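What follows is a single structure, written as structure tokens, with notes after it.
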2 protein chains.
Amino acid sequence: MDRVHDSVDEHVARWAARWDGNPAFAPEVEGAITRMQLLLRVKNRRDTAAFLGEEDFTREDYETLHALMVQPYPTEATPTQLAESVRVTKASMTGRLARLERAGLITRETDSDNRRRVLVRPTQAGQDAWDHYVHEGMRREQDILRGLTDKELVQLNTLLRKAVRGLE
Amino acid sequence: MDRVHDSVDEHVARWAARWDGNPAFAPEVEGAITRMQLLLRVKNRRDTAAFLGEEDFTREDYETLHALMVQPYPTEATPTQLAESVRVTKASMTGRLARLERAGLITRETDSDNRRRVLVRPTQAGQDAWDHYVHEGMRREQDILRGLTDKELVQLNTLLRKAVRGLE
DNA sequence: CTCAAATAGTTCGTCAACAAACAATTTAGT
DNA sequence: ACTAAATTGTTTGTTGACGAACTATTTGAG
């Protein structure tokens, strides 16, 4: 069967040669993990590049703003909630929010019901910025998987879903 | 068709509701990207955790050592080659190599044929460390995809390969 | 009611990444 | 052969992440 090859096949072949016969090495696992890493690394690189031209607005800023816009209770969250959502420490979130506030994309207001808490809300400019970038982001995601037909995308999800369920 | 669902299905459903009818949103793309991110994030978290107990040996150190051991021309490379392989700047690689050298896992020697270059080689201790951790790493990779059968892994690679080729 | 414990957010000190400037060396045009 | 350009690795200054210590506020046990 002369299937068409990609760059990862070469990597796996080299790797297999080195581990020749060692049952600890699973070529199909190595291939799948490596390919997923490759696809997401390309996406990541493009996402970052998309924000490089912007003044005072980074990929991290977008990520934070996104977490805020996507909250179940929309357009209002505390720094701790956002930190958990984005998986950074509260300390880092303090810095991120300071930047976004300085850029006029969010407001920070102490909650009058519990004066330890801070309520974070997007400004209109923040909502507009998110709206703009979320569209571009979806286009980039679709481009990453442009090699697959609709039917193949469904098959891919069926397999990935099973893998995810194996972990949950 | 009452397929079995995973956590990502909920995310996609919420997302689809928000973008109701908007053709810019592609649910199967969103699902596939999100699932790949989830799987690799779990792997990443576990990899990092596996090195937390170690004194003076981090995930980054392993990554660098790994790049060195995997060079086509094995067990010898220049800092620039390693930097490109790991995708960090040369400046960062200088710091990483200094750490590995301090830990006695590599040596740095100026190339007598071209005195601008530095040849990096693993010590025996470095090779032993890599050998140990690469086995554990493969076990973790296989565990990430334990939900899939061998046949499904092949199918997954067929689809991912096509996606990768779409980018190459 | 009072005071210790818990909680929310910020500040501080450290670490590693980056980009840009730099020093040393090699390559190439004339 | 000589010098300008390119290449290789390191140094420097800045940035953002982290954990731990800290401040302010709320909760709860007696």
Side-chain angles (χ1 to χ4, degrees), chain A residues 41 44-45 47-49 51-65 67-68 71 73 76-103 105-121, chain B residues 41 44-45 47-49 51-65 67-68 71 73 76-103 105-121:
Chain A
R41 199 158 48 227
N44 227 43
R45 203 161 51 229
D47 283 351
T48 302
F51 290 109
L52 270 189
E54 314 299 321
E55 200 64 33
D56 284 343
F57 192 67
T58 68
R59 208 170 90 66
E60 288 72 32
D61 290 333
Y62 172 72
E63 184 186 41
T64 308
L65 192 56
L68 176 58
Q71 286 291 322
Y73 213 82
E76 181 171 305
T78 68
T80 299
Q81 288 171 344
L82 293 172
E84 284 168 359
S85 166
V86 176
R87 301 204 194 231
V88 296
T89 60
K90 292 178 298 168
S92 301
M93 187 48 70
T94 295
R96 287 188 175 201
L97 294 175
R99 255 179 300 156
L100 285 172
E101 191 179 34
R102 215 178 313 124
L105 299 176
I106 62 160
T107 60
R108 285 196 283 185
E109 197 182 322
T110 62
D111 183 351
S112 52
D113 288 354
N114 183 342
R115 301 185 45 70
R116 286 174 305 187
R117 309 178 95 209
V118 170
L119 295 180
V120 181
R121 296 196 192 83
Chain B
R41 199 158 46 230
N44 227 42
R45 204 162 48 229
D47 284 351
T48 302
F51 290 108
L52 269 189
E54 315 298 321
E55 200 63 32
D56 284 342
F57 192 67
T58 67
R59 208 170 90 66
E60 286 73 32
D61 290 333
Y62 171 73
E63 184 187 39
T64 308
L65 191 56
L68 176 58
Q71 287 291 322
Y73 215 80
E76 182 172 302
T78 66
T80 299
Q81 287 170 344
L82 293 172
E84 284 168 359
S85 167
V86 175
R87 303 206 193 229
V88 296
T89 61
K90 292 178 298 169
S92 301
M93 187 49 71
T94 296
R96 286 187 175 202
L97 294 175
R99 255 179 299 157
L100 285 172
E101 191 178 36
R102 217 178 311 125
L105 299 175
I106 63 160
T107 61
R108 284 195 283 184
E109 197 183 323
T110 62
D111 182 352
S112 53
D113 288 354
N114 183 342
R115 302 185 46 70
R116 286 172 306 185
R117 309 178 95 210
V118 170
L119 295 180
V120 182
R121 297 195 191 83

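This one's a predicted model, so the numbers in the text were calculated from it and none came from an experiment. The chains referred to below are lettered A, B, ... by the order of the sequence lines, with proteins before strands, and numbering in each begins at 1. Because only heavy atoms are used, hydrogens play no part in the values below, and waters and symmetry mates are left out as well, while side chains stay in.
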Subject >> Phosphate contact (dA23(C) OP1 or OP2) by Arg115(B) side-chain N/O below 4.0 Å >> reply: no
Length of the line joining [X]:[atom1] and [N]:[atom2], which is rounded to integer Å:
X	N	atom1	atom2	value
Arg96(B)	dC18(C)	CZ	C1'	12 Å
Asp111(A)	dT7(C)	CG	P	17 Å
Glu60(A)	dC18(C)	CD	P	12 Å
Arg59(B)	dA16(C)	CZ	P	14 Å
Phe51(B)	dA16(C)	CZ	C1'	17 Å
Asp61(B)	dA17(C)	CG	C1'	14 Å
Phe57(A)	dG16(D)	CZ	P	14 Å

**OP:** Could you walk me through whether Glu109(B) and Val118(B) pass side chain to side chain contact (heavy atoms under 4.5 Å, CB included), step by step?
**Re:** CA-CA 5 Å; Glu109(B) 197 183 323; Val118(B) 170; 6.0 Å; no
Subject >> Separation between CZ of Phe57(B) and CZ of Phe51(B), rounded to the nearest 0.5 Å >> reply: 5.5 Å
**OP:** Begin from the C-alpha positions of Leu97(B) and Val120(B) and carry the test side chain to side chain contact (heavy atoms under 4.5 Å, CB included) through to its verdict.
**Re:** CA-CA 8 Å; Leu97(B) 294 175; Val120(B) 182; 4.0 Å; yes
Listing, residues 82-96 of chain B side-chain donor-acceptor contacts under 3.5 Å, not counting sequence neighbours, or none:
unit_1	atom_1	unit_2	atom_2	d
Thr89(B)	OG1	Ser92(B)	N	3.2
Thr89(B)	OG1	Ser92(B)	OG	3.1
Thr94(B)	OG1	Lys90(B)	O	3.2
Arg96(B)	NH1	Glu63(B)	OE1	2.9
Arg96(B)	NH1	Thr64(B)	OG1	3.1
Arg96(B)	NH2	Glu63(B)	OE1	3.2

Subject >> Trace of the side chain to side chain contact (heavy atoms under 4.5 Å, CB included) decision for Glu76(A) with Gln81(A) >> reply: CA-CA 10 Å; Glu76(A) 181 171 305; Gln81(A) 288 171 344; over 6 Å; no
**OP:** Quick one, give me the B/S/- string for nucleotides 1-13 of chain D, reading 5' to 3', where B means a protein heavy atom under 4.0 Å from the base and S means that only happens at the primed atoms, P, OP1 or OP2.
**Re:** -----BBBBBB--
Original post:
Do Thr48(A) and Arg59(A) have a side chain donor and acceptor closer than 3.5 Å?
Top reply: yes
